[in-house]
Asks: 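I have a structure I would like to understand better, so I am pasting it below and will then ask my questions one at a time.
What you see below is based on every heavy atom in this structure, not just the backbone, and it leaves out hydrogens, waters and symmetry mates.
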Amino acid sequence: MAGGYKAAYGLERAGGRLVLARATRRSAPQVLYAGPADSEEARRILAGAAREAERGSAALAAAAPAEQTVIRRLRAPFASVRKAARVWASLLDVELPFPVEAAVCAYGPPRLDDGGTVAVAAAIRQGDLAAFQDACRAAGVDPTHADAEGLALWEQLAVETPPARAGQPRALVWLGAEHVLVLRGRGTELLAAHMLRAAPGEKGAGAQDAFDRLWGARLGPILAAHLAETESSEMDVWWAGIGAEDDDLTGRLRRLLPSGLALRHEAVRQPASLLARALARRAANGAGINFRTGEYAHPARLRKEARVRRAAVAAAAAAALAVLGLNAGEAVLRQRRDADWQGRLTAAARAIAGPVVLHGQEARMVENALARRDEETQAFRRALDPEGLEAQLVGVLEDAEALELDVSRLALSPLALAMEGSAASIQAIERLAERLEARGWAVQSDTPGRTSDDRQRFILKGAARHEG
Amino acid sequence: MKAERAWMAGAAGLVLAAVAASLHMGLSAARHREILDRKANDLARIEQMANRWAREDAYRVRLESLGAWQPADLDALAARTVGAGAVRLSPRPAVPAADGWQRREVAVEIPQAAYAEAIRFFAAAADTLPAWRLKEIELRPSAEAGSGSLTAVLEALEKKQP
């Protein structure tokens with residue numbers, strides 16, 4: 001059963017009695033009424049619950065007729081919940097006394113178990129379900145949920161009295177007003193459900209004897225088989241239902257059980273309202289099953305589900321709009337950041353490159369402008385040069401004089417030097433080259449022979465290693 | 001039912017748009033950062049270059065504040081340092097420089113002089129405002145030590161006044 005309710009009512013109507021419990025998602029079920037079904041108080045309380053159900057603010061759960069509900073434990077030979085889901089209907093069909101296509105079926109949560117997948121299934125004929133709905137309406141009640149009695153009782157037992165051990169064999173005997181339901185399982189796992197179509201509390205010696213015979217014939221083998229199946233020597237038997245409040249009845253029924261069976265007998269708390277509490281809790285938390293689906297769905301539940309869907313759609317749309325808004329905001333921020341940087345970049349580029357600066361070309365245009373301006377300001381730099389070519393000239397002439405060189409030609413510019421002459425020795429020429437190197441010239445020298453007075457000729461060419 | 005489907009389709013469309021927008025923003029974040037980083041780096045480089053000609057600009061401002069628009073008379077300088085008639089000067093056409101100034105060049109020819117006198121001439125020319133600076137020179141010493149012929153080019157800045 002997908003989705004729960006904030007509040008839910010569990011209703012049991014049998015044997016002229018009405019039990020109504022209320023549960024919310026956060027609180028345990030509380031019994032609101034347990035008494036005659038035709039009292040004014042019962043009518044008033046039930047009418048209130050029905051109004052809430054009609055408005056969609058609460059669920060109203062009843063149990064589908066147990067005599068017409070089949071409960072089976074199914075096992076699929078796949079350790080895959082998805083694969084098992086495809087075959088549940090086929091497996092259940094084999095177990096049902098009627099075609100599965102003619103039934104409304106529900107499946108409990110699947111569980112992987114030793115290489116396979118197991119689940120508990122419940123089914124009711126479509127006709128029986130329709131008849132149940134008609135009967136409810138005729139009684140002035142239209143429940144939003146039709147749960148499976150056996151599944152509800154078993155689960156409520158596990159919730160209220162958890163087993164001491166995980167695999168502990170236990171049974172629940174539901175002594176209802178009009179039938180007996182025996183549920184047996186291991187720990188919290190339900191293995192099988194058995195129905196005794198007889199009222200345990202029916203008065204009259206004949207009725208009592210008939211019931212006792214039925215009880216004795218069925219219960220002993222059921223419980224013995226359970227012990228064998230669970231490979232146990234003892235088990236717990238829990239008693240619930242209106243009949244469980246009758247100590248004489250429960251005592252008699254216990255004595256009719258085979259004495260060789262090691263059974264520990266316990267009574268659930270508030271046994272008569274166990275079913276109503278179970279129905280209310282399961283409807284509130286959405287954990288139970290609900291045969292009222294598809295064409296049998298209650299209009300109030302459909303309206304509620306539609307409201308929930310619309311709210312989910314609205315929430316999704318609102319969240320999406322919020323995200324779109326955030327993204328739009330981020331886009332605007334990005335645009336502003338980009339515009340801010342671009343503005344500063346353009347302004348800085350214009351300060352150097354002039355008013356026309358192409359977008360994306362700022363650095364290149366600035367570099368071009370720099371190259372042009374470098375050229376235009378060359379004369380200013382030369383004017384500022386503290387030494388300049390004048391100092392170079394003086395230095396070269398001083399070096400030549402110091403080394404006793406005869407210079408026949410000297411050409412000097414900021415980038416190039418050319419010198420020709422003669423020296424007393426090659427060493428003197430080499431020393432001149434060294435001094436020129438020290439002044440920042442990359443020098444190549446040549447010594448093309450000697451003069452008529454036996455001096456060494458030289459030709460020196462220099463290139464400035466940095467711009468003047 | 002139709003209306004509900006239409007609303008769901010609309011909501012689904014909005015969700016898809018939100019997812020697409022978020023994906024786009026997420027995937028483009030790195031590119032956006034790259035673009036901003038590039039602009040920041042370009043700006044830092046340009047700002048660094050902004051003061052590239054600070055010295056030259058300061059010199060120009062100084063010249064303008066002193067009203068030093070024209071370089072000194074080379075003829076007079078040459079007469080004082082090398083001797084009258086010893087220097088032949090050939091002015092060349094001005095070439096535009098930066099900020100409304102222009103570059104003047106003068107070819108200098110000294111057929112025969114002591115190099116010390118020539119150097120004094122060049123030093124005196126460089127000591128004016130705007131300075132005449134030596135741009136190139138060629139010496140051909142004569143038999144007498146420390147003297148000979150020379151050709152040179154001097155360069156100075158000049159700004160025409162209206």
Asks: Looking at A:Ala348, A:Ala306, A:Gly360, which makes the most heavy-atom pairs under 4.5 Å with chain B?
Replies: A:Ala348
Asks: Can you tell me which of B:Leu16, B:Leu63, B:Leu150, B:Leu43 forms the most heavy-atom pairs within a distance under 4.5 Å of chain A?
Replies: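 Of the candidates given, the most pairs with chain A belong to B:Leu43.
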Asks: Can you tell which of A:Ala379, A:Ala349, A:Ala317 has the highest number of heavy-atom pairs within less than 4.5 Å of chain B?
Replies: A:Ala379
Asks: Is B:Ile46 close to chain A through its backbone or its side chain, or both, or neither, when contacts mean heavy atoms under 4.5 Å?
Replies: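 For B:Ile46, backbone and side chain are both near chain A.
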Asks: Is A:Leu345 in contact with chain B via its backbone, its side chain, both, or neither, using a 4.5 Å heavy-atom distance?
Replies: both
Asks: Go through the atoms of A:Ala331 and report whether side chain, backbone, both or neither lie under 4.5 Å from a heavy atom of chain B.
Replies: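 Both backbone and side chain.
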Asks: Which one wins on heavy-atom pair count under 4.5 Å against chain A: B:Ala131, B:Ala152, B:Ala40?
Replies: B:Ala40
Asks: Provide the full list of salt bridge (Lys or Arg N to Asp or Glu O under 4.0 Å) pairs with a residue in residues 68-87 of chain B, sequence neighbours left out, each pair given once.
Replies: none
Asks: Between CZ of B:Phe122 and CG of A:Leu389, what distance do you get to the nearest 0.5 Å?
Replies: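 That separation rounds to 9.0 Å.
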Asks: Which N or O donor-acceptor pairs, by atom type, sit under 3.5 Å across chain B and chain A?
Replies:
from: B:Glu4; atom 1: OE2; to: A:Arg309; atom 2: NE; distance (Å): 2.5
from: B:Glu4; atom 1: OE2; to: A:Arg309; atom 2: NH2; distance (Å): 3.2
from: B:Ser22; atom 1: OG; to: A:Asn327; atom 2: ND2; distance (Å): 3.1
from: B:Met25; atom 1: O; to: A:Arg334; atom 2: NH2; distance (Å): 2.8
from: B:Ser28; atom 1: OG; to: A:Arg334; atom 2: NH1; distance (Å): 2.8
from: B:Lys39; atom 1: NZ; to: A:Asp338; atom 2: OD1; distance (Å): 2.8
from: B:Lys39; atom 1: NZ; to: A:Asp338; atom 2: OD2; distance (Å): 3.4
from: B:Lys39; atom 1: NZ; to: A:Gln342; atom 2: OE1; distance (Å): 2.8
from: B:Arg45; atom 1: NH2; to: A:Glu367; atom 2: OE2; distance (Å): 2.7
from: B:Arg52; atom 1: NE; to: A:Asp374; atom 2: OD1; distance (Å): 3.4
from: B:Arg52; atom 1: NH2; to: A:Asp374; atom 2: OD2; distance (Å): 2.8
from: B:Trp53; atom 1: NE1; to: A:Asp374; atom 2: OD1; distance (Å): 2.8
from: B:Glu56; atom 1: OE2; to: A:Arg381; atom 2: NH1; distance (Å): 2.7
from: B:Asp57; atom 1: OD1; to: A:Arg373; atom 2: NH2; distance (Å): 3.2
from: B:Ala98; atom 1: N; to: A:Glu376; atom 2: O; distance (Å): 3.4
from: B:Asp99; atom 1: OD1; to: A:Arg373; atom 2: NH1; distance (Å): 3.4
from: B:Asp99; atom 1: OD2; to: A:Arg373; atom 2: NH2; distance (Å): 2.8
from: B:Arg133; atom 1: NE; to: A:Glu390; atom 2: OE2; distance (Å): 3.2
from: B:Arg133; atom 1: NH1; to: A:Arg382; atom 2: O; distance (Å): 3.1
from: B:Arg133; atom 1: NH1; to: A:Ala383; atom 2: O; distance (Å): 3.0
from: B:Arg133; atom 1: NH1; to: A:Asp385; atom 2: O; distance (Å): 2.6
from: B:Arg133; atom 1: NH2; to: A:Asp385; atom 2: O; distance (Å): 2.9
from: B:Arg133; atom 1: NH2; to: A:Glu387; atom 2: O; distance (Å): 3.3
from: B:Arg133; atom 1: NH2; to: A:Glu390; atom 2: OE1; distance (Å): 3.1
from: B:Leu134; atom 1: N; to: A:Glu390; atom 2: OE2; distance (Å): 2.8
from: B:Ile137; atom 1: N; to: A:Leu412; atom 2: O; distance (Å): 2.8
from: B:Ile137; atom 1: O; to: A:Leu412; atom 2: N; distance (Å): 2.6
from: B:Glu138; atom 1: OE2; to: A:Arg409; atom 2: NE; distance (Å): 2.8
from: B:Leu139; atom 1: N; to: A:Leu410; atom 2: O; distance (Å): 2.6
from: B:Leu139; atom 1: O; to: A:Leu410; atom 2: N; distance (Å): 2.9
from: B:Glu155; atom 1: OE1; to: A:Arg382; atom 2: NE; distance (Å): 2.8
from: B:Glu155; atom 1: OE2; to: A:Arg382; atom 2: NE; distance (Å): 3.4
from: B:Glu155; atom 1: OE2; to: A:Arg382; atom 2: NH2; distance (Å): 2.7

Asks: Checking heavy atoms, do the side chain of B:Ala29, its backbone, both or neither come under 4.5 Å from chain A?
Replies: both
Asks: Report which part of A:Val407 has an atom under 4.5 Å of a heavy atom belonging to chain B: side chain, backbone, both, or neither.
Replies: both
Asks: When only pairs under 4.5 Å are counted, which of B:Ala97, B:Ala11, B:Pro141 shares the most heavy-atom pairs with chain A?
Replies: B:Pro141
Asks: Is it the side chain or the backbone of A:Leu397 that comes within 4.5 Å of chain B heavy atoms, both, or neither?
Replies: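 Just its side chain gets close to chain B.
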Asks: Which bit of A:Ile352 comes within less than 4.5 Å of chain B, counting heavy atoms only: side chain, backbone, both or neither?
Replies: side chain
Asks: Is there a side chain to side chain contact (heavy atoms under 4.5 Å, CB included) between B:Leu139 and A:Leu412 once you walk through the steps?
Replies: CA-CA 9 Å; B:Leu139 303 177; A:Leu412 196 57; over 6 Å; no
Asks: Tell me, side chain or backbone of A:Ala383 under 4.5 Å from chain B's heavy atoms, or both, or neither?
Replies: both
Asks: Considering only heavy atoms, which portion of B:Ile35 lies under 4.5 Å from any heavy atom of chain A: side chain, backbone, both, or neither?
Replies: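 Looking at B:Ile35, just its side chain touches chain A.
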Asks: Looking at CG of A:Leu393 and CD1 of B:Ile119, how far apart are the two atoms once the value is rounded to the nearest 0.5 Å?
Replies: 5.0 Å
Asks: What is the distance from atom CG of A:Leu324 to atom CG of B:Leu14, rounded to the nearest 0.5 Å?
Replies: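 Here the interatomic distance stands at 6.5 Å.
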Asks: If you count heavy atoms of other groups shown closer than 6.0 angstrom to CE of B:Met49, is the number above 12?
Replies: yes
